[in-house]
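See structure below.
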Amino acid sequence: MKKIQFTTPADAVKSDQTMGSVLTQVLTMITAEPVFEAEQLIAKLGQALAVNRARLYWLVDEGRLRLASAWQAGGSFSDSSCKRVLETSKLPWWMNRLSQGKIISIRDTTQLPAQAADEWQLLQPGRPKALLVVPLSYAGKLHGLLGFEDTVQTRVWSEADLRILQPISYMIAFCALRLQAEQELRTAQQEKEIILNAMEDQVIYYDSDHKIIWANKAMLKDVGVSLAEIVGRHCYEIRFGADKPCPGCPTEQVLLTRLPNEAEVESPDGRIWHVQGYPICNNDGEVTRIVEVTRDITKQRKAEEQIYQLTVHDKLTGLYNRFYFDQKLQELDQRGAVPWSVIFGDVNGLKLINDAFGHKEGDRLLKRLAGVLQASCRREKDIVARWGGDEFAIILPGANAEIAQKVCERIREACRQECDSLINLSISLGAATKTRPEQKMNTIFQQAETRMYQNKFIDSLSVRNSNISALQQALAEKTHETDVHARRIKVQAVQLGAALGLSPSELNDLALAALLHDIGKVGIPDKILTKEGALTPEEKEQMKQHPEIGYRIVMASYGLPKVAEAVLAHHEWWDGTGYPLGLKGEDIPLKARIIAIVDAYDALTQERPYRKPRGHQQALAEIEAAAGTQFDPKLVDIYLQLMRAVK
């Protein structure tokens, strides 16, 4: 630290020339480098005044004086004998005069007023012979005091001393305040840097040419360079190697408008930034500095985009959802632009697929159909949405009825061409067009839905038959149970039913149940159906699921409960040990008991990979042996009579 070097000789006391030299040195100190040590300062002043003691107090706040330094001629004085902190409220006599900027000159302290003498005792035990107290004031405000004591003799303080001490005290106060301000500024600067460097946001300080003056650690870490390497350079040059700012850069706008600006900017590397720029202007309103606060919000925006996509898109198909569809349709209708068309579609056979093969396969069908719908709508402005579980909807802005019908035809043709699944794609469609602004949107909706349901009624029979045929074909390909086997079961079941006196409608239901009794096996894995050896316990449990699958298929396709019940119960045993419900005796539907017998006979007399076929009589004997356990004994008797008569 640079110190004041006072060279005034000690024996030049009371000399105007000597005190003038001290003043000159103080002025030199202020104009050169305002750094000093209080001890040397008061020592030189004490020597110049030829006193025995000198002390410096600073007013650290409105109510306290703190001892900064104490000096005594010969170096034997200890500041421990002085109170280091004084309450100004206890020194009213002295503080009143000092606050007015008056130097207190005491020739003989024995002549002090009682109040002043008592207060002085607070500064130091004992009383000096003569005393001089100089206020340290600047801009009309007291900041401290200098105290000089002659402990040997009384003395008269010269006018020259007092005249010189006034500017010296003023300069000391000024210098100390400047030092304090600079220290506070350095502290504030350090604190600012600590705060800014702790921020996750990137902070950059620019000059008026948009060149970097300073940047915090977050920015330096992002670009991977030191502060020294970026000072005087442009942000876009350092970050991206570019020769011009990013499009829409808020900092550039600050330079142009002289106003704060913020924006989201996508940089050349694909990141998204939230940038805020703040101008610092001179008295003429010119931008001299810019503070830029930048945050990388790429992850945030991607997360928001994902949330938005989930909000407006159907998770399974990727199409828009009903919420988005309704929103866009409202916007289109409010604009009053005509024409526009809407298409509603209802998937055919989805329940059948879900029941036969599970919802996973049903979901695959929906996704395939979503692809067909999107491919059939060839304009970017067309909106394809999943309206509900098996319902879809399409908005065709600017499309008339003819265009809407062409889109429907493209969808139907694309469905016919799809061959990626056991069940062909099929969707019933209905379209309607708004041609006049005064038409109500709900009316257009109702027209489209009505036409869709009309087409679904027409489509339902052919789709049902097509799907059942496809399932039967699939069953024939997966197992040894061909269509011929199903027809044989049907013929024998009807014969036995007729012998029992069933009505024509009941015989029709029996015939259908016989044809479809094993249709549920399409939902059983191929490796189980085609296995030549014995099934494991787990595989047997899976195989036992086929009556339930068959029940759901029949209900989904025909909606005939009695037929479906016969399919469900055709593996129940008379003694209650069958599956899947463990029904017993006459609780088992009659049609199921009939199918169980004729199915067993056909299975015994046909060749299987794991055994040879039984002869006619041997098969009948095995069925007769199972009467009362597996089969209804009364039905077995009638069946045996029929079969023996035939053979």
Side-chain angles (χ1 to χ4, degrees), residues 314-319 321-322 343-373 384-393 411-412 414-416 418-430 448-475 478 509 512-513 515-525 542 544-570 580-581:
D314 174 58
K315 184 177 180 181
L316 175 66
T317 63
L319 300 178
N321 58 19
R322 182 168 181 171
I343 300 173
F344 283 120
D346 191 290
V347 181
N348 297 313
L350 179 62
K351 189 174 189 308
L352 179 62
I353 292 294
N354 288 334
D355 290 341
F357 302 104
H359 287 272
K360 186 175 181 180
E361 188 65 26
D363 289 346
R364 197 169 82 89
L365 181 141
L366 289 173
K367 288 189 282 188
R368 288 171 57 213
L369 188 55
V372 166
L373 296 177
V384 184
R386 187 181 178 193
W387 181 258
D390 57 355
E391 294 179 322
F392 293 85
I411 294 171
R412 294 187 185 101
C415 287
R416 285 191 288 267
E418 274 280 330
C419 302
D420 185 36
S421 178
L422 173 64
I423 302 298
N424 292 329
L425 288 182
S426 176
I427 183 169
S428 298
L429 301 170
E449 284 186 310
T450 299
R451 290 166 184 169
M452 177 190 73
Y453 288 123
Q454 287 173 345
N455 290 331
K456 191 169 186 68
F457 178 77
I458 296 170
D459 295 339
S460 60
L461 183 59
S462 61
V463 170
R464 182 191 69 189
N465 292 336
S466 174
N467 287 341
I468 288 296
S469 297
L471 292 176
Q472 288 176 319
Q473 179 63 32
L475 182 61
K478 293 173 68 172
D509 288 348
L512 184 58
L515 283 172
L516 301 176
H517 71 286
D518 271 344
I519 196 68
K521 287 184 178 179
V522 296
I524 303 301
Q542 282 187 276
K544 288 180 178 180
Q545 294 175 10
H546 81 269
E548 297 175 64
I549 298 173
Y551 172 85
R552 294 195 295 270
I553 291 174
V554 173
M555 286 299 294
S557 300
Y558 296 93
L560 299 174
K562 292 184 178 180
V563 174
E565 288 171 0
V567 172
L568 177 66
H570 77 278
L581 302 177

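Keep in mind the model is a prediction, meaning the values are calculated, not measured.
- In this structure, NZ in Lys456 is found 10.0 Å from CG in Leu429, a value given to the nearest 0.5 Å.
- The two atoms that bring Val384 and Leu319 nearest to each other are O-CB, 3.7 Å, heavy atoms only.
- Taking CG of Asn455 as the start and OG of Ser428 as the end, the distance is 6.5 Å to the nearest 0.5 Å.
- For the atom pair NE2 (His359) and CG (Leu365), the distance works out to 13.0 Å, reported to the nearest 0.5 Å.
- The pair Asp509-Lys562 does not count as a salt bridge, with every side-chain nitrogen at least 4.0 angstrom from each carboxylate oxygen.
- Minimum interatomic distance between Cys415 and Val372 (heavy atoms only, all atoms of both residues): SG-CG1, 4.2 Å.
- Ile524 and Ile549 get closest at one heavy-atom pair: CD1-CD1, 4.1 Å.
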Subject >> Residues Ile343, Leu373; criterion side-chain contact (heavy atoms from CB on, under 4.5 Å); working and verdict >> reply: CA-CA 11 Å; Ile343 300 173; Leu373 296 177; over 6 Å; no

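- Residues Val347 and Phe392 form a side-chain contact, since some pair of their non-hydrogen atoms from C-beta on lies under 4.5 Å apart.
- Closest approach of Arg386 and Leu316 over heavy atoms only: NH1-CD2, 3.6 Å.
- The shortest non-hydrogen separation linking Val567 to Tyr551 is CG1-N, 4.0 Å.
- A distance of 4.5 Å separates CG of Asp390 from CG of Asp346, quoted to the nearest 0.5 Å.
- Rounding to the nearest 0.5 Å gives a distance of 10.0 Å between CG of Asp363 and OG1 of Thr317.
- In terms of heavy-atom proximity, Pro580 sits nearest to Leu568 at CD-O, 3.3 Å.
- To the nearest 0.5 Å, the span separating CE on Met555 from CG on Leu560 amounts to 8.0 Å.
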